[in-house]
Amino acid sequence: MDVLNPYGGNPKGYLSTPGPDRNGEHMMGTTIMAVEFKGGVVIGADSRTSTGSYVANRVSDKLSKVHERIYCLRSGSAADTQAVADMVAYYLDMHSVEIDSPPLVKTAANLFKMITYNNKDRLLASIICAGWDEKNGGQVYSIPLGGSLVRQPFAIGGSGSTYIFGHCDAEYKKGMDQKQCEAFVSKAIAHAMSRDGSSGGVIRLAIITKDGVERKYIPGDKLPFMKDE
Amino acid sequence: RRKPAMDLLLAASEQAKVNPRTQTTSPIVTGASVLAITYKDGVMMMADTLASYGSMARYKSVQRVEKVNDGTVLGASGEFSDFQYIKDLLEDLTDEEFDMDDGCQMLPQQIHSYLSRVMYNRRSKVNPLYNQLVVAGYDSKKSESYLGAVDMYGSTFKDDIVATGYGMYLALPLLRKGHDKKMDESAARKLLEKCMTVLFYRDCRTINKYNIAKVTASGVEISKPYSLPTQWGYKRFVNPHLTE
């Protein structure tokens, strides 16, 4: 079995059939979101991992730490994104020792890009990388399927995001503070979970600032808006 | 992952290119599981109120458990438009009976038999009604419950416990364990509710809003939509990374 090489490797990949063969694989149809604010970022995700229409895990944690103040939000193949996040965490760890300081969020995002871009024929990974560093404060980077890298003031991803593009575009305001960002993220994810069959469970939030990471948990029966369905 | 029966339908889609009239379409707007059990006073049936559009939870206040007459209810999963068509067929039947005005009312087993013929005939024309139907009722004259199912191929059976969709895999074992023909109404309701909660946790195509119907000697009663409590507070749910 070919080892996943961040620099690419055999362009044909291990499989001779064109495109990935994903039957029966755990997918994270999902809703993920990250918003930048003055002191850091607020990130959030649902907690459903599905195999087809079966909920394999109703309380998954899609907020993965790649470094102290850099997290990634994973959507796509559960296996692929876990593997990629583990690799990025490994490289960031080496890198931070080499430069003798915490890594930049931009570096983490570029590592994600390097891996997903060079292995684009073998991976189904769509990732949002967000965090705080001293040089540039809070940052949100999107690394979608093909391996492009885009910085955004806020980013949404996963299958559930399609239902909230309008909502987020309407509700987003520049210069929101932490509390407003938390409300923005949890309301948007709740709306997406309400309509997307592949998203559900609980909302996990994390607020990343210079002071560290604060995790929050909104159980499935206490979602922000629950108009009469 | 093709099921053997799918080959029949796939061959049909090849046929469809020649004669579109015989095309078999795949379901578009679908309902998920329906569960039903017999109990001391009659039968109880439960289903959620969602009609999905692929993976989208599109229509969230839909009724998938409907009264047919004073002694029978029909629940359906699968293609919602086909369920509406079947309801129209049954309404035609009951209207005809009403016009006859002879005091007779169709028994649940007669409705079950009629539906099984309809489903089998459609399947034989390779243009199925994409549903799994649950027929539940109470024969007041004989004081007997009736519960049966028909699927899109026309397979028919009667049982004290019936489930469709994911319910067959997740709920049937729980229903079989907890069921007792002599259980009272609240025990029957609790059992169905427990199973619907499991389905809400584990089936992507469900929502936490349900109708429950009961058919007894006093007739048909279908509840207003309601929700059930759910559990999300376990320690390891809140933090899956605990090590002790």
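Here is how names work: the chains are called A, B, and so on, in the same order as the sequence lines, proteins then strands, and each is numbered from 1. Model, not experiment: these values are computed from the prediction. Worth knowing before you read on, the calculation uses all heavy atoms, side chains too, and leaves out hydrogens, waters and symmetry mates.
Contacts of A:Tyr54 with chain B are made by both backbone and side-chain atoms, with heavy-atom separations under 4.5 Å. Using a 4.5 Å cut-off between heavy atoms, B:Tyr166 contacts chain A through its side chain alone, with no backbone atom that close. Within the 4.5 angstrom heavy-atom criterion, no atom of B:Ser52 approaches chain A. Contact of B:Tyr234 with chain A is made through the side chain alone, with heavy-atom distances under 4.5 Å.
With respect to chain A, the highest number of heavy-atom pairs below 4.5 Å among B:His241, B:Gln231, B:Arg202 belongs to B:Arg202.
A side-chain donor-acceptor contact under 3.5 Å links A:Thr30 and A:Asp46. Side-chain atoms of B:Glu193 and B:Tyr226 form a donor-acceptor pair, as typed in the model, at a separation below 3.5 Å. A side-chain N or O of B:Tyr210 and one of B:Asn208 form a donor-acceptor pair less than 3.5 Å apart.
When the options A:Ile43, A:Ile218, A:Val59 are evaluated for a side chain to side chain contact (heavy atoms under 4.5 Å, CB included) with A:Arg204, the one that passes is A:Val59.
Counting heavy atoms from C-beta outward, A:Leu73 and A:Ile127 have side chains that stay 4.5 Å or more apart.
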